[in-house]
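First listed ligand is number 1; within each ligand, the first listed atom is number 1.
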Amino acid sequence: MNREDMRTLQSERLVKQVKHVYENVPYYRDLMDKKGITPDDIKGIDDLYKLPLLTKSDLRDAYPYGLLAVPVKDCVRIQSTSGTTGKRVVAFYTQNDIDLWENCCARAIVAVGGDENDVCQVCYGYGLFTGGPGLNGGSHKVGCLTLPMSSGNTERQIQFMMDLGSTILCCTPSYAAYIAESLKEAGYKPEDNKLRVGIFGAEPWTEEMRHDIEAALGIKAYDIYGLTETSGPGVAFECEEQSGMHINEDHFIAEIIDPDTGEVLPEGSKGELVFTSITKEAFPLLRYRTRDICVLTREKCSCGRTLVKMSKPMGRSDDMLIIRGVNVFPSQIETVLLKEGYAPNYQIVVDRVNNTDTLDINVELLPEQFGDTVKETAAYEKKLAESIKTMLGINPKVHLLAPKSIARSEGKAVRVVDKRKLH
Ligand code: ADP
Ligand code: ZN
């Protein structure tokens with residue numbers, strides 16, 4: 001679709017969507033009223049900037065039903081974010097919303113050459129997480145033979161992959177690397193599998209990682225992007241050119257804003273990505289701040305698609321870390337430390353070793369613990385690690401250090417050292 005037709009389509013859908021939200025979501029209506037905006041002020045996409053921005057904290061304030069735009073009886077499903085306590089986001093879907101989402105994922109599969117002859121192994125997590133259900137639905141729509149594996153049980157993944165001749169692999173890039181490593185350990189060479197392409201996303205990964213995975217599995221590896229708030233994966237997907245992800249603009253209008261001022265930035269600027277969903281019924285977020293920092297480009301793509309492309313996310317405008325696919329806020333770790341009686345002097349060190357994220361937490365011993373035996377210290381470390389695991393859902397390595405050994409900062413404390421070099 002040419003640019004002009006797309007803008008017309010987006011404008012029509014936006015006008016309708018703003019009315020739908022204004023009439024059915026008191027929470028957002030209040031935000032619009034506070035700004036002195038009514039649906040009549042939104043005549044098309046050029047008026048988008050007038051609408052209030054939404055953030056994750058709005059989602060928390062309105063939890064669970066406050067942003068729902070249709071009666072519960074019209075909803076058929078919920079999904080939820082990677083599942084960190086206190087930060088959970090619940091998204092609702094009507095049957096149309098599910099179809100729309102699965103169609104977006106189907107486009108991602110078609111863009112890498114997928115069709116009904118393919119055997120598509122989906123090893124994103126199933127359940128509340130959007131990865132599994134999204135790609136599973138997309139694979140069905142394309143007509144691939146779908147293997148709903150979910151994540152984990154790598155031995156079984158390999159057995160099915162080999163026995164059934166999987167041609168498409170869908171999972172996080174770190175899990176793809178792990179599967180590749182396990183295949184090698186089991187004595188398989190890259191040419192022994194029938195895989196052709198991989199569709200990997202849900203977490204940041206580098207070009208180097210792409211090349212490693214491509215070589216290790218003998219495939220082409222493509223990126224896919226999305227977030228629970230906008231439905232899940234498939235908001236944007238890579239085409240054969242492998243240089244940025246096309247955004248499904250007929251469903252999601254993308255803007256780039258200055259994360260500090262909220263001002264819309266000119267095309268080609270680096271800033272925070274904001275999405276407005278113009279076709280969703282149940283959970284239609286308008287101007288939702290993703291916190292992902294990236295650049296949009298309208299340069300012509302060799303694949304022929306005219307959809308705008310987003311760069312790989314280059315970082316986030318909040319302090320959220322994604323560790324082994326789980327959203328982690330440093331404040332959650334701090335909460336546990338304080339609850340367990342430790343001082344708030346700590347450092348979180350994240351790294352990626354053999355394509356798996358590691359999480360190390362350095363904490364200072366309490367003065368009364370200092371001088372205890374090594375065995376006692378090890379027991380404290382274990383207890384603290386368990387409490388943090390309960391909070392985050394992932395296992396950290398805790399190191400208790402001598403009091404005063406963590407450098408004090410004179411400005412903003414450097415709480416997080418991320419050595420993963422993902423950007
Ligand atoms: P999911 O359930 O897919 O993990 P979440 O809503 O928990 O979705 O997390 C969404 C966030 O994951 C995005 O805002 C972004 O930071 C990150 N993300 C998703 N896909 C990618 C990708 N392809 N590359 C980098 N980061 C990604
Ligand atoms: Zn393209």
Determine whether any heavy atom of Q79 lies closer than 4.0 Å to an atom of ligand 1.
no
Please confirm whether the backbone N or O of P284 pairs with a side-chain atom of S277, one donor and one acceptor, at under 3.5 Å?
no
D47: what forms a side-chain hydrogen bond (donor to acceptor under 3.5 Å, both in side chains) with it, not counting sequence neighbours?
K50
Which one holds for F200 and ligand 1: side chain close, backbone close, both close, or neither close, with close meaning a heavy atom under 4.0 Å?
neither
Proximal atoms of ligand 1 relative to G201 (non-hydrogen, under 4.0 Å)
23 (N)
If the cut-off is 4.0 Å to any non-hydrogen atom of D223, which atoms of ligand 1 fall inside it?
22 (C), 23 (N)
Under 4.0 Å from a heavy atom of R316: give me the atoms of ligand 1 that qualify, with their elements.
14 (O), 16 (O)
Using modelled atom types and a 3.5 Å cut-off, is there a donor and acceptor pairing between side-chain atoms of E272 and backbone atoms of R291?
yes
Side-chain (T167) to main-chain (V119) donor-acceptor, under 3.5 angstrom:
yes
Note: ligand 1 atoms sitting under 4.0 Å from heavy atoms of D292 are 13 (C), 14 (O), 15 (C), 16 (O)
Taking NZ, NE, NH1 and NH2 as the nitrogens, is one of them in D97 or R77 under 4.0 Å from a carboxylate oxygen of the other?
no
Option nearest atom 24 (N) of ligand 1 (shortest heavy-atom distance, choices E203, K56, E229, K312)
E203
Do R415 and Y346 meet the cation-pi criteria used here (NZ or CZ under 6.0 Å from the six-membered ring centre, within 45° of the axis)?
yes
Best match, G315, A202, C294: closest heavy atom to atom 19 (C) of ligand 1
A202
Taking only heavy atoms of I224 into account, list the atoms of ligand 1 that are under 4.0 Å away from them.
20 (N), 22 (C), 23 (N)
Could you please tell me which protein N, O or S atoms lie under 2.8 Å from the Zn ion (ligand 2)?
C239 SG, H246 NE2, C301 SG, C303 SG
Considering T230, V235, T228 one by one, which has a heavy atom nearer to atom 8 (O) of ligand 1 than any of the others?
T228
Check whether any heavy atom of P313 sits under 4.0 Å from an atom of ligand 1.
yes
Among T279, T276, T230, which one satisfies side chain to side chain donor-acceptor pair (under 3.5 Å) with H251?
T279
My understanding is that only residues two or more places apart in sequence, or in another chain, count here; which of them pass salt bridge (Lys or Arg N to Asp or Glu O under 4.0 Å) with D351?
none
What do we get for L227 next to ligand 1 when only non-hydrogen atoms under 4.0 Å count, side chain, backbone, both or neither?
both
Using a strict threshold of under 4.0 Å (side-chain N to carboxylate O), is an ion pair present between E238 and R210?
yes
Please assess Y178 against N355 for the test side-chain hydrogen bond (donor to acceptor under 3.5 Å, both in side chains), listing each intermediate value before the final yes or no.
CA-CA 7 Å; Y178 183 66; N355 290 311; over 6 Å; no
If you measure every N or O of T130 against every N or O of ligand 1, does any of those distances drop under 3.5 Å?
yes
Would you call K419 and D357 a salt bridge, taking side-chain N to carboxylate O under 4.0 Å as the test?
no
Could I get the full list of ring pair (Phe, Tyr, Trp, His ring centres under 6.0 Å) partners for Y65, not counting sequence neighbours?
F92
Just to check, does P233 reach to within less than 4.0 Å of ligand 1 when the distance is taken from its heavy atoms?
no
Residue pair N362 / Q347, side-chain donor-acceptor N/O under 3.5 Å
no
With heavy atoms of I322 as the reference, note each atom of ligand 1 found under 4.0 Å away.
12 (O), 16 (O), 17 (C)
